[in-house]
Amino acid sequence: MTTELILGGARSGKSRLAEQRAIAHGGCVTVIATAEAGDDEMAARIARHRADRPAHWHVIEAPIDLAGALIEAANPDGCVIVDCLTLWLSNLLTRDPVSLSAPHPADHEPGWQRELDALIDTLPALPGDIILVANEVGLGLVPESALGRLFRDEAGRLNQTVAAACDRVTFVAAGLPLTLKGSAA
């Protein structure tokens with residue numbers, strides 16, 4: 001089993017690289033999609049991703065219970081793509097209003113933290129190859145709003161935690177992969 005985190009900015013080629021890795025794997029492929037179509041533009045993005053994927057790939061929609069979806073999807077001969085962790089985090093943050101308050105109560109463990117812990121606990125036990133896709137959002141301007149800064153900070157922490165748990169980490173810029181951890185695929 002190999003776990004890989006593929007990071008990059010918007011339209012960097014990270015999803016395309018994940019799909020290329022899955023095709024090269026040669027086994028059955030499952031995509032765990034975390035996006036939700038909250039508006040027409042997002043619905044169009046989701047439709048475009050569906051159209052671009054091979055029709056025989058299995059798709060599981062998991063906007064919240066990512067660990068559960070991974071347990072369901074992973075198999076010794078298969079490859080699972082999670083696209084993407086950043087949308088998953090956004091889904092989690094917006095469903096936990098106490099976590100969004102500033103500051104939140106000291107005795108409040110955010111729901112998203114429990115979901116992240118479940119993901120990290122699950123990853124080492126999964127059979128097959130797992131490819132996790134995430135945005136690197138901390139390279140730009142400091143967000144104007146408290147929610148934007150919370151999201152940026154938690155996305156950075158999420159990426160660090162997942163990267164530490166993965167065998168390989170790849171950063172993609174302008175469609176070019178740069179191996180940050182592990183051997184190049």
Report, as yes or no, whether the 6.0 Å neighbourhood of atom CD on E41 holds more than 12 heavy atoms from other residues, nucleotides or ligands. yes
Give a yes or no on whether the backbone of I64 and the side-chain of N91 come within a donor-acceptor separation of less than 3.5 Å. no
Above 12 or not: heavy atoms from other molecules or residues under 6.0 Å from CG of L141? no
Decide side-chain contact (heavy atoms from CB on, under 4.5 Å) for H49 and D83; before the verdict, give the C-alpha distance in whole Å, the side-chain angles of both, and the deciding distance to 0.1 Å. CA-CA 10 Å; H49 272 275; D83 198 356; 4.0 Å; yes
Are any of the side-chain heavy atoms of L123 and L132 separated by less than 4.5 Å? yes
Distance from D65 atom CG to I71 atom CD1, nearest 0.5 Å? 8.0 Å
V82: which of T30, V162, L70 passes side chain to side chain contact (heavy atoms under 4.5 Å, CB included): L70
Heavy-atom side-chain contact between L178 and L176 under 4.5 Å: no
What is the minimum heavy-atom distance between I46 and E36, and which atoms define it? CD1-C, 3.8 Å
Interatomic distance, CG@L85 vs CG@L89, rounded to 0.5 Å, equals 8.5 Å
Co-membership, hydrophobic cluster, residues F151 and L87, 4.5 Å side-chain: no
Using a 4.5 Å cut-off on heavy atoms from C-beta on, say whether the side chain of I23 contacts that of W57. yes
Nearest-0.5 Å distance that lies between atom CG in L180 and atom CG in L5: 9.0 Å
Heavy-atom closest pair (A10 atom, N135 atom, distance to 0.1 Å) is N-OD1, 4.2 Å
Please give me the minimum heavy-atom distance between I6 and K14, naming the atom from each residue. CG2-CB, 3.6 Å
With the side chain counted from C-beta on, respond yes when R149 and P143 share a heavy-atom pair under 4.5 Å apart, and no when they do not. yes
Cluster overlap L66 with V31, hydrophobic side-chain contacts below 4.5 Å: no
Can you hop from L7 to L139 via hydrophobic side chains spaced under 4.5 Å? yes
Check for a donor-acceptor pair, side chain of R152 on one end and backbone N or O of G138 on the other, with a separation under 3.5 Å. no
Rounded to the nearest 0.5 angstrom, the CD1-CD distance for I81 and E19 is 5.5 Å
Interatomic distance, CD@Q113 vs CG@L158, rounded to 0.5 Å, equals 9.5 Å
Counting only heavy atoms not in D40, do more than 12 sit closer than 6.0 Å to its CG atom? no
May I ask whether L116 and V133 are part of the same hydrophobic cluster, defined by side-chain heavy atoms of I, L, V, M, F, W, Y residues being less than 4.5 angstrom apart, directly or through others? no
Under 4.5 Å between any side-chain heavy atoms of D39 and M42, yes or no? yes
Less than 4.5 Å apart, side chain to side chain, heavy atoms only: is that true for R168 and T2? yes
CZ of R114 to CG of D121: how many Å apart, nearest 0.5 Å? 13.5 Å
Identify the heavy atoms of T34 and C84 that sit nearest to each other, and give their distance. OG1-O, 2.6 Å
Taking the side chain as every heavy atom from C-beta outward, state whether C28 and N75 have any atom pair closer than 4.5 Å. yes
Minimum side-chain heavy-atom gap V29-R53 below 4.5 Å: no
Hydrophobic cluster membership, L126 vs I131, 4.5 Å side-chain cutoff: no
Might you point out which heavy atoms bring A69 and A62 nearest each other, and give the distance in Å? CB-CB, 3.6 Å
Do E154 and R157 meet the salt-bridge criterion of a basic N to acidic O distance under 4.0 Å? yes
What are the two closest non-hydrogen atoms of M1 and D167, and how far apart are they? O-OD2, 3.7 Å
